[in-house]
Every structure is written in C-alpha cells, then in structure tokens.
Amino acid sequence: MINSKRLTRRGLLAIGAASAGSLLLAGCGTVVAPQPAAEPAEPAPEAETAYTPVTIENCGFTITYDQPPQRAISLSQQSTELMLALGLQDSMVGTAFLRDSVPPDQQAAFEQIPILAEKYPSHEVILGAEPDFIYAAFVSAWTREDVAGPRDALLELGIASYQTASNCKEGKVVVEDVFEDFLNIGQIFGIAERAEEYVDGLRARLEEIRAKTAPADPKVSVFIYDSGGDTPYAAVGSGILNALVEEAGGVNIFADVEGLFGTVNWETVVERNPDVIVLLNAPGWSTAAEKREYLESTEALSSIKAVQNKHFVEVLFTATQAGIRTVDAIETLANGFYPE
C-alpha cells in the first residue's frame, strides 16, 4: 500500500518527516502511494500481480492504493466484523472497541487478532502495532488526538484510513451506504469480487423483506427510543436507524427532524401516537428492559397506542449500526412491525 515493506514505529515517524519524494500528497486529504521498494515483501506474488491500483474517496479523503494494506487495525465492532466477514483477518494486526461478541462463525478468526484495548487504544499503542491502515466507524477516532488522531496526520506517517460511510454522510442515510463500505474495503484489499458477492447476498435478502412488507397499507408508525427518561433521546430522520425502519416497512414519527439522533419530548411522542416503539438494547448503558419499564409505568404515556398494545420491538444497539448485521436488524424490525 503505502510501502511494500513492513513499517516499524521508527520508520513511521521517519516517513512523517520525510520529503515529498517519499510520499506524494495530491490535494487536500489525498495520498498517492509510491511504487514498492526493490525487495518485494510477502504476501504471495500472485496477490501483488493481481492487484490493480485503486482510488477511494471516503468522508472527504481520497487515497490511492498501489497495493493492499498488510497491517490493518479496526477500531469498532462494525469494522472488525466487516473485515472478518470478508476473510481479512490475516491482514489485521489489531482490533478494539467491541461492545459485544462477534458472531459465532467469526470467533475463531477473531481470536487470531490482538485486542489493543477494551475501548479506544491510545495513540502510542496504535503506532506500536505498526499499522498501514486504520478502519474506524466513528469520527471520534480521528478527532481525538489521544486515539488515532487526524486522518491527514496519519497519512503523513504512511497510514491510510477509512471511516464507515453512513456516519459521515451529509443528508439522509440509505442502506446502500452500508453496502458501500463492503465494496470499498473489497477494492482496497484487492478482493472486490468477494465483496460484491457478499453484498449481492445482502441485497437479495433485503428484496425478500421488502416484498413481504410492501402490501402493508398504511405503514405502521414507529418511535425509535434510544435512551433517556424525562427527556427522551430518539433516532430521527437522517441516520441509519431511520433507514432501517423504512426498509422494514415502518414510518419514523420523527422522520421530519434532521440528524442522526435528537432530544425530543414526550408530549410530541404522545401527540404523534406511534403504533410501535423500537427499544434499542444497549447492555451496560440503556437496556430495552429499562426503557420498557419506564414506558409502562409512566401514567402520562399510557395513552400511546404502542404502550396500550404492548407493541414493542427490541433490537440490539450493535445490530443497528452499519455493518454485517444491518439486514438482520431490518428483518427483526419487519417481523416485529408485522407479526402476522
């Protein structure tokens, strides 16, 4: 990628101070990787000869790869699971910030990868793993100097980066934004065909769900309850959760509010009177059971149709984030919205 040889920590720092001849920046946030050094490093020659240089635009950064990354770090549940789903564990030198266990079929591969930290690792720990690529779900990985740090600064160290596309999109997120991550990572690592096959499978499942919910008329109205008691925090109209609800055949009662999440008020929830309430289950933070108890024990909320009919749908918070669980979450929602 940035260099065909493994970069040592000292080498990373040296690259940051090197002249423009060792790393060519083409425009703001754009890096063009130099040609491999004279002594080719492993992996196998067939992987290198088959690789076609690729340019990826992601969250305002455009990076050109001359070879696939060999020492990747994933800094979220979603990025870790996506890379494992595409069989990239041998290209990973670290992972961090997993909220839940990976799926059972990924456990053996996951155990091969060093866990750098329970949450975000420090900047020093990240550099100590000698990465050439960092994949994070959230912008906080880059905005915090004590974590990965700014993406342009990482480029100066010869470290490319990628962020979950739906978490930096301007405007309304759609499920195709989730699939974009699979396809981009596939191109970056030289496994485009594998990624396309994976996405084709997800799209086929999604079409089956759409066919089942399409006849529903009218669509159920939905309140997506994230957290909070007296002041509820809800998924609103621009984020991935709104997209999941729509794909499942529902209508978000706060679809008219811009943003991913927002603070709302119970008076408006009562007024808009949802048919269904989606309870995000975040163990250790805000469980579905806690939210349901609050709804059913608060007299002022007793007139809401969903509360009266006990029409709640629980979804694991991890499953609602863009990644391999996205279509699973849509299916869970659709079955909950239309149990008949």
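Just so you know, residue 1 is the first one in the sequence shown, and it goes up from there.
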Lys/Arg N to Asp/Glu carboxylate O, [X] vs [Y], below 4.0 Å:
{"X": "Arg205", "Y": "Asp328", "result": "yes"}
{"X": "Glu176", "Y": "Arg203", "result": "yes"}
{"X": "Glu296", "Y": "Arg292", "result": "yes"}
{"X": "Arg210", "Y": "Glu207", "result": "yes"}

Taking the six-membered ring for Trp, are the ring centroids of [X] and [Y] within less than 6.0 Å of each other?
{"X": "Tyr225", "Y": "Trp266", "value": "yes"}
{"X": "Phe61", "Y": "Trp142", "value": "no"}
{"X": "Phe133", "Y": "Phe189", "value": "yes"}

*Say whether Asp275 and Ser221, considering side chains only, have a donor N or O and an acceptor N or O under 3.5 Å apart.*
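Indeed, the side chains of Asp275 and Ser221 share at least one donor-acceptor pair under 3.5 Å.
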*Any side-chain donor-acceptor pair under 3.5 Å between Tyr162 and Ser79?*
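No, Ser79 and Tyr162 have no side-chain donor paired with an acceptor closer than 3.5 Å.
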_Student check: side-chain heavy atoms of Leu241 and Val315 closer than 4.5 Å_ =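 Result no, sub-4.5 Å side-chain heavy-atom pair not found.
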*Any Val251 side-chain heavy atom under 4.5 Å of Glu246 side chain*: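 A side-chain contact under 4.5 Å is absent here.
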_If we check ring-ring contact (aromatic ring centres under 6.0 Å, His included) with Phe261, which of these qualifies: Phe317, Phe254, Tyr233?_
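Of Phe317, Phe254, Tyr233, ring-ring contact (aromatic ring centres under 6.0 Å, His included) with Phe261 is met by Tyr233 alone.
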